[in-house]
Amino acid sequence: MTIARGGRLPDGLDRAMEQLNTSVDVDSALWPDDIQGSIAHARGLGRSGVLSAAETETIVSGLERIREEIEQGRFVWDRAREDVHMNIEARLVELVGPVGGKLHTGRSRNDQVATDLRLYCRRRGQEALASLDRLAGAIVDRAEGELDTLMPAYTHLQRAQPSRLSHHLLAWQELLRRDRGRLEDALRRANESPLGAGAVAGSGFPLDREGVARELGFAGPMQNSIDATGSRDFLMEIASALSILGMHLSRIGEEIVLWSSVEFGFMTLSDAFSTSSSMMPQKKNPDVAELVRGKSARILGSLTALLVLEKSLCFGYGRDLQEDKEPIFDAFDAAIVSLDALAGAISTATFRRDRMRAALLRGHLCATDVADFLATRGVPFREAHHVVGALVREADTRGVELSELPESALVAAHPLLTGPELKSALDPEAAVERRALVGGPAKPRVQAAIAAARAFWKASER
Ligand code: ARG
């Protein structure tokens, strides 16, 4: 039994059409939002005098019973009833009788589903933000604990300059900060009420659009009924924010994969976030990071699906839009599970300070500092760069580090390359502490960055 059939279209649906048509397997996830939206709509109808107080009460309590049935797993979803909206409405009529049929007065599934989706995004958006906050908190905790761990900073994945692990971890956190802003911003724009827009051209009933919007926690009613029912850019914005976030998590995942390789050996994941191989008994694989990388592809796929879904739709609802749900649901699922798993993996991982230290000492990481040493003494930087470049080549030929070259070789390369301050130029620890500009890796700067990060993430926990 479907609600709409039997009126205009008395014949049953073809099997293939029924399969194509039904969406309840997917959109039943909207049930909390659908019930919330319907209760607000019913109350609005009551306030407008379209429903009597008693009718409103009957419908609202019927919807609350349905909520309980679903929560307790007693609700039977029926594919023949097409979607979440008709399943809930049909059950309402079963529970409260024909008065249940008055709920849909002045409403279409077009404004109903648009409302449900906005409520859904707000709900899952809050979940995603909470998970984001937890991941960022875990990263900042680790940054604080590893304040004294030095490591190379890389460019082109080649050892570049001495830095500290906490500085690197805080770089991860900076991405998440912006991700938070983007998601919040998208959610803010999505927070408007389509209810009252009807199928496309509003309703002749005196609906209380403002009051319904307020009851649902929306900023206000959407200002154009055609736009309200047929536009899904809010989903695209949210999926964009989640895609960029997912891409960032994927980058972090990529570093975790690298760092937990024997070749890098900077990090050991806890067993709780690793898996083994069905064949090779020695394996401990960083699957958490690889899966997070993989999930980011799905999120980006969702964004693409949403963009393509709407690109050729003329104004006014088109049934194509039924296909907007899986992508956004999937994007939220993938983002949230990735955030939670990464938070756990990062909090429980071991950073191999010894390996990071060893990496710091090989690869002439203080070459820039030696060039800077000469530049400070008046040698044009370009010339200094050239001199030190030649010294690095010489060190490589001798199979030693720049810091291990005999003083005679240094002075031969440039007469100013001597003295106790040169020692400090060649010392990675001193090199890190010298980089004390805003945004740099020197300890006081990183301590300040940790404090600023703490303040930011604390303020975001609302
Ligand atoms: N299941 C539909 C969707 O998700 C609900 C709206 C259907 N509207 C319609 N006119 N058939 O978009």
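Both counts, for ligands and for their atoms, begin at 1 and track the order of listing.
Ranking protein heavy atoms by distance to atom 11 (N) of ligand 1, first place goes to R109 NH2, 3.6 Å. Nearest protein heavy-atom neighbour of atom 7 (C) of ligand 1: Y317 OH, 3.5 Å. With respect to atom 1 (N) of ligand 1, the closest heavy atom belonging to the protein is Q322 OE1, 2.7 Å. In terms of protein heavy-atom proximity, atom 9 (C) of ligand 1 is nearest to N110 OD1, 3.6 Å.
When non-hydrogen atoms are compared, ligand 1 lies under 4.0 Å from the side chain of K325 (C-beta onward) but not from its backbone.
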task: Report the C-alpha distance between H85 and W31 in whole Å, list the side-chain angles of each, state the deciding distance to 0.1 Å, and finish with yes or no for ring-ring contact (aromatic ring centres under 6.0 Å, His included).
output: CA-CA 8 Å; H85 323 292; W31 72 262; over 10 Å; no
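Both cation-pi conditions hold for R118 and F234: the charged atom is under 6.0 angstrom from the six-membered ring centre and inside a 45 degree cone around its axis.
Ring geometry, F332 versus Y120: the interplanar angle exceeds 60°, so the pair is classed perpendicular (tilted spans 30 to 60°).
Side-chain contact of R319 with Q322: a donor-acceptor pair under 3.5 Å is present, judged by distance alone.
Listed by number with element, the atoms of ligand 1 under 4.0 angstrom from any heavy atom of D83 are 1 (N), 2 (C), 5 (C).
Put simply, the side chain of Q161 does not reach to within 4.5 Å of the side chain of L365, judged on heavy atoms.
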